[in-house]
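Notes follow the structure.
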Amino acid sequence: MSVRVVARIRPLLEKELNKDIIVRAGHAEPGKASTTVKIPSPKNDAEEFSFAFNAVYDQSTSQETLFASEVQPHLKSLFQGYDVTIFAYGVTGTGKTHTMRGGMKLADRGVIPRLLSGVFRRGKKIAKDTEDNTTVKVSLSYYEIYNDKVFDLLEPPEKRTPSGLPLRAEASGRTVVAGLSERACDDLRDFEKLYVEANNNRVTASTKLNAHSSRSHAVLRVKVTQISEDMIKESTVSAIDLAGSEDNRRTDNDKERLVESAAINKSLFVLSQCIDAISRGDKRIPYRESKMTRILSLGQNKGITVMILNLAPLRSYHLDTLSSLSVSSRAKRI
Ligand code: ADP
Ligand code: MG
């Protein structure tokens with residue numbers, strides 16, 4: 001199991017142009033990404049904290065560069081049979097959805113559409129190049145975890161039950177979501193259609209449940225099956241837009257919000273513990289402690305995990321930014 005933790009600082013939005021910037025990427029060697037994030041102490045601007053990452057991408061980083069640096073290199077491993085997991089972590093408003101889904105314009109497209117495009121391209125190439133009639137099948141499932149309950153995003157919200165879908169342990173030791181739908185996808189156009197539909201399901205459901213997308217984790221799972229005459233190889237790549245990591249208790253204290261923030265804080269905490277344990281090479285990964293890490297069997301399979309910490313450079317995010325920096329493991333204060 002290998003894990004990378006990287007940070008991405010978003011640019012200022014138009015309405016923020018006159019605001020105070022406090023988060024910066026440290027100096028990089030020529031031709032390389034920076035590896036530190038600098039931020040002042042909340043008590044004293046003259047005192048600067050530095051957090052180390054595997055790589056830090058500043059506000060000028062394009063969607064293409066981020067994908068080419070952090071996701072594309074793992075496509076080969078995926079087709080060799082390894083599971084790949086990409087997380088976007090961070091405070092609401094810092095660019096998680098922009099990083100994962102992105103905008104409609106070609107250049108703005110995020111990790112997910114680029115990933116699918118790469119999977120289809122590689123799949124077609126393998127099918128064409130191999131002599132043993134290998135066929136490659138791609139299918140997806142997409143669900144959200146809200147208050148520690150799993151809801152299928154490929155099904156209309158009317159079909160949801162209040163308790164969500166149950167988890168089931170398989171004989172192999174793997175945990176699966178029982179009754180989750182899976183759709184075959186032949187090309188990028190197929191995917192785009194499903195993805196738009198599913199994201200609409202998410203929006204409709206969240207207005208009904210009085211939840212916001214920033215309070216649930218959205219998990220897209222792409223299964224790649226390679227079938228040849230004498231074997232079947234199966235692997236998955238998961239792309240996850242996590243719930244906002246801000247301390248919801250500070251801003252909101254009605255009962256429903258408390259339940260939400262308890263569920264969010266717990267699952268994000270367990271996630272960071274798992275990432276820590278994996279990066280230390282521990283044998284025991286506490287993945288059973290939350291539903292999200294259980295379903296992903298985080299640390300149980302050979303594979304690759306990339307955690308992208310999204311950061312907004314503004315002073316108004318100061319405390320939440322500091323706390324997201326200190327829990328995103330590996331991001332050690334130096
Ligand atoms: P989150 O999902 O973390 O709440 P969003 O992805 O919705 O945050 O981003 C908040 C706002 O910032 C959106 O308007 C988004 O378009 C913009 N944004 C985020 N990252 C970037 C970026 N790298 N370049 C340009 N705009 C960005
Ligand atoms: Mg979002």
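Not measured: the values here are computed from a predicted model. We count residues from 1, following the sequence as given. Counting starts at 1 for both ligands and their atoms, following the listed order.
Counting only heavy atoms, the protein never gets under 4.0 Å from atom 13 (C) of ligand 1.
Heavy atoms of Arg8 come nearer than 4.0 angstrom to ligand 1 in at least one pair. Ligand 1 does not have Asp241 within reach: every non-hydrogen atom of the residue lies 4.0 Å or more from it. The closest approach between a heavy atom of Asn310 and any atom of ligand 1 is not below 4.0 Å. Proximity of Gly90 to ligand 1 is not established, as no heavy-atom distance is less than 4.0 Å.
No hydrogens or angles considered: nothing links the side chains of Arg294 and Ser290 as a donor-acceptor pair under 3.5 Å. Side chain to side chain, Lys38 and Ser50 meet the donor-acceptor criterion of an N or O pair below 3.5 Å. Ser326 and Ser323 form no side-chain donor-acceptor contact under 3.5 Å, judged by distance and modelled atom types alone. For the residue pair Ser117 / Arg109, no side-chain donor-acceptor distance below 3.5 Å is found, with atom types taken as modelled.
For ligand 1, the atoms closer than 4.0 angstrom to any heavy atom of Val91 are 3 (O). Heavy-atom proximity to Thr92, at under 4.0 Å, picks out these atoms of ligand 1: 4 (O).
Salt-bridge annotation for Arg121 and Asp187: absent, with no side-chain N of the basic residue lying under 4.0 Å from a carboxylate O of the acidic one.
Counting only heavy atoms of the protein, atom 8 (O) of ligand 1 lies nearest to Gly95 N, 3.0 Å.
Considering backbone and side-chain atoms alike, Thr97 places an N or O below 3.5 Å from some N or O of ligand 1. Considering backbone and side-chain N/O of Lys96, one or more are found under 3.5 Å from N/O of ligand 1. Below 3.5 Å of separation, one finds an N or O of His98 facing an N or O of ligand 1. Checking only distances, Pro11 never comes within under 3.5 Å of ligand 1, N or O to N or O. Every N/O-N/O distance between Leu13 and ligand 1 stays at or above 3.5 Å.
Taking the six-membered ring where the residue is Trp, the centroids of Tyr142 and Tyr195 are separated by under 6.0 Å.
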Side chain to side chain donor-acceptor pair (under 3.5 Å), that's the test. Do Ser34 and His27 meet it? Break it down for me.
CA-CA 6 Å; Ser34 161; His27 288 297; over 6 Å; no
Would you check, one step at a time, whether the test side chain to side chain contact (heavy atoms under 4.5 Å, CB included) holds for Lys19 with Ile21?
CA-CA 6 Å; Lys19 292 266 163 56; Ile21 294 187; over 6 Å; no
Go through it in stages, so that I can follow the logic: the residues are Val224 and Phe79, the test is side chain to side chain contact (heavy atoms under 4.5 Å, CB included), and I'd like the CA-CA distance, side-chain angles, deciding distance and then a yes or no.
CA-CA 8 Å; Val224 177; Phe79 278 85; 3.7 Å; yes
Please evaluate residues Gln63 and His98 with respect to the criterion side chain to side chain contact (heavy atoms under 4.5 Å, CB included), reporting the C-alpha separation (whole Å), side-chain torsions for both, the decisive distance (0.1 Å), and the verdict.
CA-CA 9 Å; Gln63 297 283 63; His98 179 82; 3.4 Å; yes
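Within the 4.0 Å heavy-atom criterion, neither part of Gln63 lies near ligand 1.
Thr97 lies close to the Mg ion (ligand 2), since one of its N, O or S atoms is found at a distance under 2.8 Å.
Counting heavy atoms only, Gly93 comes closest to atom 10 (C) of ligand 1 of the residues Gly93, Ala243, Gly244, Ser214.
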